[in-house]
*Asks:* 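Below is the structure I would like to discuss, written out as structure tokens.
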Amino acid sequence: MGNSQANSTNPRFDLAKRAFTERKLEDLKSLFDSLAAQSQSNGKYVSPSVFKAYIGVEGPLGDRMFDLVTQKRKDQKLTFEDLVIAKGTYEKGTNADIEEFIYQLLDVFDDGVVGRSDLEAVLTAVLRNISSHENHQSEPSSDREVLDIFLNAANLTTDDTKCAESCMSLEEFRSWCARLPSVRKFLGTLLSPRDSGSEVPMLVYPENIDPAVILLRKEYAWHIGGALPQDELHEWRLLYHSTVHGLSFSTFLGNISNDKGPTLLVIKDKEGYIYGGYASQPWEKHADFYGDMKSFLFQLYPKASVYRPTGANSNLQWCAIHFSSESIPNGIGFGGRAHHFGLFISANFDQGHTFTCTTFGSPSLSKTHQIYPEVIECWGVAIKRAQDNQDRLQGTVLERFKEDRHMLNMVGLANSSE
């Protein structure tokens, strides 16, 4: 493994390297050597600029990540031991260890607290990274507007004497991560670079639809996608849009009848709020609740949040058609109970309601309990199947460790193993 391990007297390094196999340590050493070669350091260290290019993040967030990985030495030199220690904590540690590391990462101005200005700097970097990998056309969003919907999901307090502005505690940070799984996923994988565009599904809709009328912008899709597995982030296809097809329950059901996979229901009401639900099962006639624990509710505007099932009950998905009993309201919905759903749209598609819901631990999703839809969309979620697992298992070391391949591609060495 070379002198960087043999001569080490750092107990943190000795402990961290136990989390990796010998093969993985060799691959980490190859990665380090590639980065150090770009840094022109005679193989001794990685420079800040090369490290930030590797993780794909510049600005205050990139600076803060470099500072934490180098254990705040301020010498502008990232060593092999630093890399192993950081990956040992950041990737192999307990969930609590990882979240504590990310919480420290959010303190980009290094004043000991996570304030609103820290969150703004972090979210700006994250959203810029997502936008740079845009792989589909959509109506451009206001940067400030998008930033605010994620900031609005945070419960910031001002009673901490250490903080001159509103701040986020570690406990609230963990709740914020639960509401924004896409942000948690991004910040939790910075040391394993990947194509961030793969986290934003391709939004496919007919050419005759004006992008300006589409509710589901790329940032919203990225936010929702944080709660979904990777194989559901390939392509989302617009099945129904009320502006084009009219506010019609029968048209809605007809348009989605051939799609037997998961769907996303997105609603904008007359108060301007945007929200909806992910339905893991097809919309089919039932006299009672059905579905599974993969379903969830979400908010998109004026704040972004995801609400997953709490396990309190199994009242997940509702689709009632042509029932005459008052105890079975006709329409579609999620969570809660009949006549008191977490989200419900009547069969007339002209009204509905949203209440606090124990099924998903969600609040009322709009300004008022009674809602009047202005726009309704439904997207079919395509599930990308694995092509050939055997081929992937027989890949080279570079293929098995994508971050190493990413960097060796940058220095032109990847093809040497193929």
Side-chain angles (χ1 to χ4, degrees), residues 95 98 102 126-127 129-131 133-136 138 146 149-150 153 175-190 192 194-205 214-240 256 259-267 274-283 290-301 303-311 314 316-317 332 334-335 342-343 357 359-362 365 377-387 402:
N95 190 57
I98 295 170
I102 298 173
V126 172
L127 293 170
N129 184 282
I130 297 302
S131 295
H133 290 86
E134 181 180 356
N135 56 6
H136 55 272
S138 64
V146 173
I149 68 168
F150 291 100
S175 298
W176 189 64
C177 284
R179 292 190 293 272
L180 300 179
S182 55
V183 174
R184 168 64 175 82
K185 183 187 295 185
F186 182 93
L187 295 175
T189 55
L190 282 177
S192 300
R194 63 193 186 284
D195 179 7
S196 295
S198 66
E199 302 299 326
V200 184
M202 177 78 74
L203 301 181
V204 180
Y205 48 86
I214 299 293
L215 296 178
L216 191 63
R217 302 183 186 278
K218 65 179 183 297
E219 297 91 352
Y220 294 166
W222 172 73
H223 162 57
I224 297 167
L228 295 175
Q230 192 66 36
D231 62 1
E232 295 188 25
L233 301 181
H234 173 57
E235 179 182 286
W236 298 353
R237 186 175 296 275
L238 185 64
L239 304 176
Y240 167 86
I256 67 172
D259 193 293
K260 298 303 181 182
T263 53
L264 286 163
L265 183 70
V266 185
I267 299 164
I274 304 175
Y275 44 85
Y278 167 84
S280 58
Q281 300 296 316
W283 292 104
Y290 68 107
D292 57 41
M293 302 299 280
K294 297 177 183 177
S295 296
F296 57 85
L297 292 176
F298 54 80
Q299 292 174 299
L300 302 177
Y301 184 84
K303 74 174 183 178
S305 290
V306 166
Y307 304 99
R308 306 190 208 223
T310 62
S314 57
L316 296 153
Q317 197 172 330
I332 55 174
F334 295 86
L343 174 61
C357 172
T359 307
F360 299 103
S362 56
L365 302 178
E377 294 177 352
C378 187
W379 296 79
V381 176
I383 299 178
K384 187 176 183 179
R385 306 298 181 185
Q387 296 299 313
K402 188 174 180 181

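As the structure is a prediction and not an experimental result, all values here were calculated from the model. Along the sequence shown, the residues carry numbers beginning at 1.
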*Asks:* How close do Gly226 and Pro181 get, heavy atom to heavy atom, and via which atoms?
*Replies:* O-CB, 3.4 Å

*Asks:* Please test Ile274 against Val266 for side-chain contact (heavy atoms from CB on, under 4.5 Å), starting from the C-alpha separation and ending with a verdict.
*Replies:* CA-CA 7 Å; Ile274 304 175; Val266 185; 3.9 Å; yes

*Asks:* Would you say that Tyr220 contacts Tyr301 through its side chain, given a criterion of any heavy-atom pair below 4.5 Å between the two side chains?
*Replies:* yes

*Asks:* Which atom pair, heavy atoms only, marks the closest approach of Glu219 to Ser131?
*Replies:*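 Where Glu219 meets Ser131 most closely, the heavy atoms are OE2-OG, 4.2 Å.
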
*Asks:* Less than 4.5 Å apart, side chain to side chain, heavy atoms only: is that true for Leu343 and Phe360?
*Replies:* no

*Asks:* For Val146 versus Leu127, what's the shortest heavy-atom pair and its separation?
*Replies:*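 Smallest interatomic distance, heavy atoms only, reads CG1-CD1, 3.7 Å.
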
*Asks:* Would a distance-only check, ignoring hydrogens and angles, find a side-chain to backbone donor-acceptor pair under 3.5 Å from Ser280 to Pro262?
*Replies:* no

*Asks:* Looking at every heavy atom in both Cys357 and Gly342, which two are closest together, and how far apart are they?
*Replies:*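 For Cys357 versus Gly342, the nearest heavy atoms are CB-CA, 3.7 Å.
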
*Asks:* Mind checking whether Leu238 and Leu203 have side chains closer than 4.5 Å, heavy atoms only?
*Replies:*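 Not in contact.
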
*Asks:* Could you tell me the separation between the CG atom of Leu180 and the CZ atom of Phe186, rounded to the nearest 0.5 Å?
*Replies:*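 Those atoms lie 13.5 Å apart.
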
*Asks:* Using 0.5 Å steps for rounding, measure from the CD atom of Gln299 to the NE2 atom of His223.
*Replies:* 8.0 Å

*Asks:* Going by the angle between their ring planes, with limits at 30° and 60°, are Phe296 and Tyr278 parallel, tilted or perpendicular?
*Replies:* parallel

*Asks:* Look up atom CH2 in Trp379 and atom OG1 in Thr263, then write down how far apart they are to the nearest 0.5 Å.
*Replies:* 13.0 Å

*Asks:* Going by distance alone, is a donor N or O of one side chain under 3.5 Å from an acceptor N or O of the other, for Gln317 and Tyr290?
*Replies:* yes

*Asks:* Hey, what do you get for CD (Glu199) to OG1 (Thr189), rounding to the nearest 0.5 Å?
*Replies:*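 Answer for the CD-OG1 pair, Glu199 versus Thr189, is 7.0 Å.
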
*Asks:* Pair Trp236, Leu216 - check side-chain contact (heavy atoms from CB on, under 4.5 Å), show working.
*Replies:* CA-CA 10 Å; Trp236 298 353; Leu216 191 63; 3.7 Å; yes

*Asks:* From Cys177 SG over to Asn95 CG, what is the distance, rounded to the nearest 0.5 angstrom?
*Replies:*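 Interatomic distance, Cys177 SG to Asn95 CG, rounded to 0.5 Å: 9.0 Å.
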
*Asks:* So do the side chains of Trp222 and Val183 get within less than 4.5 Å of each other, counting heavy atoms only?
*Replies:*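 A side-chain contact exists here, since the closest heavy-atom pair is under 4.5 Å.
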
*Asks:* Any non-hydrogen side-chain atom of Ile149 less than 4.5 Å from a side-chain atom of Leu300?
*Replies:* no

*Asks:* Is there side-chain contact between Glu232 and Ile224, with heavy atoms separated by less than 4.5 Å?
*Replies:* no

*Asks:* Look at the side chain of His234 and the backbone N and O of Met202, then say whether any donor-acceptor pair between them is shorter than 3.5 Å.
*Replies:* no

*Asks:* Look up atom CD1 in Ile214 and atom CD in Glu377, then write down how far apart they are to the nearest 0.5 Å.
*Replies:* 5.0 Å

*Asks:* Of all the heavy-atom pairs spanning Leu316 and Pro309, show the shortest one and how long it is.
*Replies:* CD2-CG, 4.0 Å

*Asks:* Considering all heavy atoms of both residues, which atom of Ile256 and which atom of Cys378 are nearest to each other, and what is their separation?
*Replies:* CG2-SG, 3.9 Å

*Asks:* Are there more than 12 heavy atoms of other residues, nucleotides or ligands under 6.0 Å from atom NZ of Lys294?
*Replies:* no

